[in-house]
Amino acid sequence: MKKVWIIVLGLTSMGLSAQKRWSLRECVDYAVEHNLQVIQNEYSKQIQDSNLKIAKKNYLPSVSASVGNTVSFGQASLGTGSIRNDRFSNNANLSADILVYNNGRLEKTVRKTEFDVEASQYDIETIKNDISLQIAQQYLTTLLNKEIVKISQAAVENAQKQADRAKITTQVGTTAQTILAEADAGLAREKQNLKTAEINVGRSLFALAQLLQLNEYKDFDVEDVSVSDQLSPQLKSVDEVLTTAYENQPQVKAAESRIKSAVAQTEVTKTAFWPTITASAGIGSFYNNLLNAQDERVFFPQYKDNFGQNAGISINIPIFNKGITKLQVEQSKINESIAKTTLEQQKQTVRQNVQKAQFDVDANYEIYLASVEAEKSTKLALDFADKSYVAGRTTIYDVNVARNNYANAQGSVAQAKFNYLFSLKLLNFYAGIPLSL
């Protein structure tokens, strides 16, 4: 699963804490190991492995042995009369046969089955990739929500300072009671926003635990990751990314393997037009004793005397089977066309995903740049509003509005940063570039 690990590289630079915190690598490892869909497809892969072993075993001869005992009583016809015929007989045979020629049917069957095994492995890799991307996205969503909690905590601290200052100025009589009430109301709103942000962290952690299929999720947490604010634009073109994606994405590779399997199956089906040559050999002996005879024959000497061998070659030449083989070949050709169409569908899906990721990268980067400028402006506005309030030139309402605008701007920057980060890493995933923060 080489391509999957690009999701987890570079996101594990964390510190230790008393409570277990999961890194992204640990989340991905656990998910791909315990996910039921992965396990189910691994069973399917094991079935294909068994089919390949069976196909290779057909090169070996078939060997069988038989032992039979027969007892008969009664009269047997003899000329115009009958004779008493009480008889005991025993026989033992060992035979072997092997396919000598059928226009390479065994070799072609093995090759076809090898392509099926290959496709099954790529199916597993595809599922692991999908799960890894889901884990990565939810992990980054959790980090975003934690970032918003920090922003909300800073807003609460700012509101608390303002409320404390309003309390003092109200007590000394320099501001009206309504100023203190508005300051307390602003503090209450910021605390509410903080509580909502904390709940969103819990909600995103719960969603991540659900993706991991954890039975116990209440103490589940992830490591804190410091994401740089210095984001750079994506420089790779869509065509460059697509070239790499077509060569490495497992869903594309699986579709290519199934085309090879369908072509090989057509070749296997065509062998029915050709003669089949089978060689056989065997040894055997028998014992026969008339129960009503005066002289009883000894078992082992008779087995030695009756020992015999045989060998032969048989040729089965197909002449007419109602045109069924021809129709089966036509069906195999149709399956080839279906497999080729599936490959084009997979390439189309990859192309659309890459194009969407590229669009999201460009759009989210522009949004990020705009959000950073908006954050700077609102921070400056908050500073002016705070200084003007202290100087008595503005009201506390203006300060609350400025603080709220600044908090929203900070949240927008964080949202834009993580949106850009995920879209960029998704594009890098298709381009084969390891993920790092």
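FYI, side chains are in, hydrogens and waters are out, and symmetry mates aren't considered; it's all heavy atoms of this structure.
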How about [atom1] on [X], more than 12 heavy atoms from neighbouring residues, nucleotides or ligands closer than 6.0 Å, or not?
X      : atom1 : result
Tyr217 : OH    : no
Gln355 : CD    : yes
Ile313 : CD1   : no
Gln192 : CD    : no
Glu216 : CD    : no
Lys347 : NZ    : yes
Glu330 : CD    : yes

Which residues share a side chain to side chain donor-acceptor pair (under 3.5 Å) with Ser423, sequence neighbours left out: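 So Ser423 forms a side chain to side chain donor-acceptor pair (under 3.5 Å) with Asn364.
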Side-chain contact test, heavy atoms from C-beta onward, threshold under 4.5 Å: evaluate it for [X] versus [Y] and give yes or no.
X      : Y      : answer
Cys27  : Leu212 : yes
Leu382 : Thr378 : no
Asp362 : Gln358 : yes
Phe115 : Arg258 : no
Ile317 : Trp274 : no
Val329 : Phe273 : yes
Gln213 : Tyr30  : no
Glu42  : Ile124 : yes

Using residues 144-160 as the side-chain source, report each donor-acceptor pair under 3.5 Å to any protein atom, sequence neighbours left out, with the distance given to one decimal.
from	atom 1	to	atom 2	distance (Å)
Asn145	ND2	Thr141	O	3.4
Asn145	ND2	Asn200	O	3.3
Asn145	ND2	Ser204	OG	3.3
Lys146	NZ	Asp221	OD1	3.0
Lys146	NZ	Val222	O	3.2
Lys146	NZ	Asp224	OD1	3.2
Ser152	OG	Ile148	O	3.1
Gln160	NE2	Asp164	OD1	3.0

Under a 3.5 Å threshold, yes or no: a donor from one side chain and an acceptor from the other, between [X] and [Y]?
X      : Y      : value
Gln265 : Thr269 : yes
Asn248 : Thr244 : no
Arg87  : Asn288 : yes
Asn41  : Asp123 : no
Gln251 : Thr349 : no
Tyr122 : Glu118 : no
Asn129 : Glu125 : no

First locate atom [atom1] of [X], then atom [atom2] of [Y], and finally report the distance between them rounded to the nearest 0.5 Å.
X      : Y      : atom1 : atom2 : result
Leu214 : Leu208 : CG    : CG    : 8.0 Å
Leu106 : Leu99  : CG    : CG    : 5.0 Å
Lys425 : Leu133 : NZ    : CG    : 13.5 Å
Thr266 : Lys333 : OG1   : NZ    : 5.5 Å
Gln352 : Phe359 : CD    : CZ    : 14.5 Å
Ser44  : Ile39  : OG    : CD1   : 12.5 Å

Show the nearest heavy-atom pair for residues [X] and [Y], with the distance to one decimal.
X      : Y      : result
Glu26  : Arg21  : OE1-O, 3.7 Å
Ala262 : Ala339 : CB-CB, 4.4 Å
Ala92  : Val67  : CB-CG2, 4.2 Å
Gly284 : Asn93  : CA-OD1, 3.6 Å
Ser132 : Val28  : OG-CG1, 3.4 Å
Ile283 : Gln309 : CG2-CG, 3.8 Å

Set out, in order, the CA-CA distance, both residues' side-chain angles and the distance that settles side-chain hydrogen bond (donor to acceptor under 3.5 Å, both in side chains) for Asn335 and Gln331, then state yes or no. CA-CA 6 Å; Asn335 286 332; Gln331 287 179 331; over 6 Å; no
May I have the step-by-step check of side-chain contact (heavy atoms from CB on, under 4.5 Å) for Gln249 and Phe429, ending in yes or no? CA-CA 9 Å; Gln249 285 299 298; Phe429 171 78; 3.7 Å; yes
Can you list everything that forms a salt bridge (charged side-chain N to carboxylate O under 4.0 Å, His left out) with Glu198? Sequence neighbours excluded, please. Lys195
Who passes salt bridge (charged side-chain N to carboxylate O under 4.0 Å, His left out) against Lys356, sequence neighbours left out? Asp360
Where do Gln415 and Asn419 land on the side-chain hydrogen bond (donor to acceptor under 3.5 Å, both in side chains) test, with the steps shown first? CA-CA 6 Å; Gln415 180 77 58; Asn419 285 346; 3.2 Å; yes
What do you reckon, are the aromatic ring centroids of Tyr139 and Trp22 less than 6.0 Å apart? no
I'd like to know whether Tyr287 forms a side-chain contact (heavy atoms from CB on, under 4.5 Å) with Asn306, so could you lay out the CA-CA distance, the side-chain angles of the two residues, the decisive distance to 0.1 Å, and finally the verdict. CA-CA 8 Å; Tyr287 168 82; Asn306 294 335; 5.8 Å; no
According to the ring-ring contact (aromatic ring centres under 6.0 Å, His included) rule, which pairs have a member within residues 303-350, sequence neighbours left out? Phe299-Tyr303
Salt bridge check, Lys253 against Glu256: does any charged N sit closer than 4.0 Å to a carboxylate O?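 Yes, Glu256 and Lys253 are salt-bridged.
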Salt bridge check, Lys112 against Asp116: does any charged N sit closer than 4.0 Å to a carboxylate O?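 So Asp116 pairs with Lys112 through a salt bridge.
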Asn90 and side-chain contact (heavy atoms from CB on, under 4.5 Å): which single residue from Asn69, Asn289, Val71, Thr70 fits?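 With Asn90 as partner, side-chain contact (heavy atoms from CB on, under 4.5 Å) holds for just one option, Asn69.
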Start with the C-alpha gap between Gln210 and Phe206, add the side-chain angles, then the distance that decides, and say whether side-chain contact (heavy atoms from CB on, under 4.5 Å) holds. CA-CA 6 Å; Gln210 290 289 90; Phe206 174 74; 3.7 Å; yes
So Glu114 and Lys56, side-chain contact (heavy atoms from CB on, under 4.5 Å) or not? Walk me through it. CA-CA 10 Å; Glu114 286 175 340; Lys56 290 181 177 180; 4.2 Å; yes
Which pairs, with at least one residue in residues 276-286 and sequence neighbours excluded, count as a side-chain hydrogen bond (donor to acceptor under 3.5 Å, both in side chains)? Asn102-Thr276
